[in-house]
Amino acid sequence: MRVPLALALGVLELAAGCAPAGRAVTTQVATTPDADLRTEQVVLFDPARSRSVPLALYYRDVPGPSPKLALLSHGHGGQHTDYSFIARNLVAHGYFVASVQYELPGDPPLATSGNLREARRPNWEQGVQDLLFVRHALRRMRPELDMEHLLLVGHSNGGDIAMLFAHEHAALVEKVISLDNRRMPLPRTRTPRVLSLRSSDQVADEGVLPDVAEQRALGMKVIPLPGTRHDDMWDGATDAQKREINGIISAFLED
């Protein structure tokens, strides 16, 4: 029997002397309408940065091909549990999904004025370090995971984090999906492959989105959602909005 991930990580960290006094590692496994799908709430601790990294994990614990890793990034003010409809769709496509909580109590507030691409860069860099740490931890604890086909998905500020990761660590990423990120430019490259879903009510900053000719040349997909606002792209979306978002994501993953 496989030891639950959170328990295994907790034992490993305590044995290594890395866990601070009083730190709790929690786990919760729930059976969903899909009897094979599992969810866990996990809190990791990065001793190098003295930082906790809460995760929501979604996966199928059944024999089969090695699941690919997907890292999911929430928007500003959101929670790592807010995108379960996307996570479940990714699991159906053969992914092990780790949804990362970036915003913790005591963190400095996200900049809302000035040159936001510069002012928010430290926040994005911290998010990139969270993703690298999670990838490294899961490589140790889930050696069966396929790390060669990494998928990044991020909404809003989480999409900016995903895009910065794709810029800085392109060799680690196969595909990246932005749900209406507005500040960090999409990477102008054919690898990783890029999909960006755009809301009906928010506009990206200048230079974030390539023009149509460049999109075609790079095989990039930028798809408007006329019936979906920026703040609709989470579990609070209507069933129709969820079907549209997941349908586009599915087509991109299967292409």
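If you read the sequence from its start, that first residue is 1, and numbering goes on from there.
The 12-atom threshold is not exceeded at CD of Glu206, counting heavy atoms of other residues, nucleotides or ligands nearer than 6.0 Å. Heavy atoms of other residues, nucleotides or ligands lying less than 6.0 angstrom from CZ of Arg188 number more than 12.
Contact of the Pro187 side chain with the His167 side chain is registered, since non-hydrogen atoms from C-beta on lie closer than 4.5 Å. No side-chain heavy atom of Arg243 sits under 4.5 Å from any side-chain heavy atom of Ile248. Within the 4.5 Å cutoff, no side-chain heavy atoms of Asn246 are placed close to those of Arg88. Ser99 places none of its side-chain heavy atoms less than 4.5 Å from the side chain of His74. Side-chain contact between Val42 and Pro54 is absent, with no heavy-atom pair separated by less than 4.5 Å. Ile249 has its side chain within reach of Ile86: a pair of non-hydrogen atoms, C-beta onward, lies under 4.5 Å apart. Using a 4.5 Å heavy-atom threshold, the side chains of Val100 and Val53 count as touching. Contact of the Pro210 side chain with the Gln215 side chain is registered, since non-hydrogen atoms from C-beta on lie closer than 4.5 Å.
In the hydrophobic cluster analysis, where Ile, Leu, Val, Met, Phe, Trp and Tyr join through side-chain heavy atoms closer than 4.5 angstrom, Leu253 is grouped together with Phe85. Cluster membership for Leu209 and Leu218, using ILVMFWY side-chain heavy atoms within less than 4.5 angstrom, is shared. Hydrophobic clustering, with ILVMFWY side chains joined whenever heavy atoms are under 4.5 angstrom apart, keeps Leu116 apart from Tyr102. Ile223 and Ile177 fall within the same hydrophobic cluster, where Ile, Leu, Val, Met, Phe, Trp and Tyr residues are linked whenever their side-chain heavy atoms come under 4.5 Å apart, directly or through other members.
Between Ser250 and His93, the side chains place a donor N or O and an acceptor N or O closer than 3.5 Å (distance only, hydrogens not considered). If you check the side chains of Arg182 and Gln202, you find a donor sitting under 3.5 Å from an acceptor. Looking at Gln41 and His80, their side chains do bring a donor and an acceptor atom within 3.5 Å of each other. No side-chain N or O of Asn181 forms a donor-acceptor pair with one of Asn157 less than 3.5 Å apart. Residues Ser199 and Asp180 have side chains that bring a donor and an acceptor to within less than 3.5 angstrom of each other. Side chains of Tyr58 and Glu40: a donor-acceptor N/O pair is absent below 3.5 angstrom, by distance only.
In this structure, Asp61 contributes its side chain and Leu37 its backbone to no donor-acceptor pair below 3.5 Å. Panel note: side chain Ser73, backbone Gly159; no donor-acceptor pair is recorded below 3.5 Å. With hydrogens and angles disregarded, no donor-acceptor distance shorter than 3.5 Å links the side chain of Ser156 to the backbone of Gly158.
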Apply the test side-chain contact (heavy atoms from CB on, under 4.5 Å) to residues Thr228 and Met233: give CA-CA distance (whole Å), side-chain angles for both, the deciding distance (0.1 Å), then the verdict. CA-CA 7 Å; Thr228 300; Met233 296 178 172; 3.9 Å; yes

Verdict with supporting geometry, Arg193 and Asp255, salt bridge (charged side-chain N to carboxylate O under 4.0 Å, His left out): CA-CA 11 Å; Arg193 294 193 58 208; Asp255 185 9; 3.3 Å; yes

Does the salt bridge (charged side-chain N to carboxylate O under 4.0 Å, His left out) test come out yes or no for Glu168 and Arg121, once each step is laid out? CA-CA 13 Å; Glu168 295 184 338; Arg121 184 70 177 236; 3.4 Å; yes

Steps toward side-chain contact (heavy atoms from CB on, under 4.5 Å) verdict (His169, Leu131): CA-CA 11 Å; His169 304 282; Leu131 292 177; over 6 Å; no

Starting from the C-alpha separation in whole Å, work towards a yes-or-no answer on side-chain contact (heavy atoms from CB on, under 4.5 Å) for Arg142 and Tyr59. CA-CA 12 Å; Arg142 291 275 182 161; Tyr59 59 95; 3.7 Å; yes

Step by step, would you call Leu145 with Lys68 a side-chain contact (heavy atoms from CB on, under 4.5 Å)? CA-CA 6 Å; Leu145 290 180; Lys68 298 168 284 188; over 6 Å; no

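Here the shortest heavy-atom pairing between Ser196 and Arg198 reads OG-NH1, 2.7 Å. Scanning both residues, Gln241 and Asp232, for their nearest heavy atoms gives NE2-OD2, 3.2 Å. In terms of heavy atoms, Ala111 sits closest to Ala119 at CB-CB, 3.5 Å. When all heavy atoms are compared, the tightest approach of Leu104 to Ser52 is CD1-O, 3.2 Å. Counting all heavy atoms, side chain and backbone alike, Val194 lies closest to Met163 at CG1-CE, 4.0 Å. Across all their heavy atoms, Gly207 and Pro185 have their closest contact at O-CB, 3.6 Å.
The cationic atom of Arg60 (NZ for Lys, CZ for Arg) does not lie both less than 6.0 Å from the six-membered ring centre of Tyr95 and within 45° of the ring axis. The cationic group of Lys221 does not satisfy the cation-pi geometry with Phe252, failing either the under 6.0 Å distance to the six-membered ring centre or the 45° limit from the ring axis.
Atom CG of Asp146 is separated from atom CG of Leu69 by 9.0 Å, given to the nearest 0.5 angstrom. Here Asp46 contributes atom CG and Arg51 contributes atom CZ; the two are 9.5 Å apart, rounded to the nearest 0.5 Å. A distance of 6.5 Å separates CG in Asp82 from CG in Asp235, rounded to the nearest 0.5 Å. Atom CD of Gln101 is separated from atom OG1 of Thr81 by 7.5 Å, given to the nearest 0.5 angstrom. Note that CG of Leu110 and CG of Asn123 are 5.0 Å apart. Values are rounded to the nearest 0.5 Å. Atom CE of Met184 is separated from atom OG of Ser178 by 11.5 Å, given to the nearest 0.5 angstrom.
Screening Leu152, Leu71, Val176, Asp160 for a side-chain contact (heavy atoms from CB on, under 4.5 Å) with Phe165, the sole residue that qualifies is Leu152. Between Glu125 and the options Leu164, Ile161, Asp130, a side-chain contact (heavy atoms from CB on, under 4.5 Å) holds for only Leu164.
For an aromatic pair to be called close, the ring centres must be under 6.0 Å apart, and Tyr83 with His155 satisfies this.
Ion pair Arg183/Asp205 flagged as a salt bridge, since at least one NZ, NE, NH1 or NH2 atom sits closer than 4.0 Å to an Asp/Glu carboxylate oxygen.
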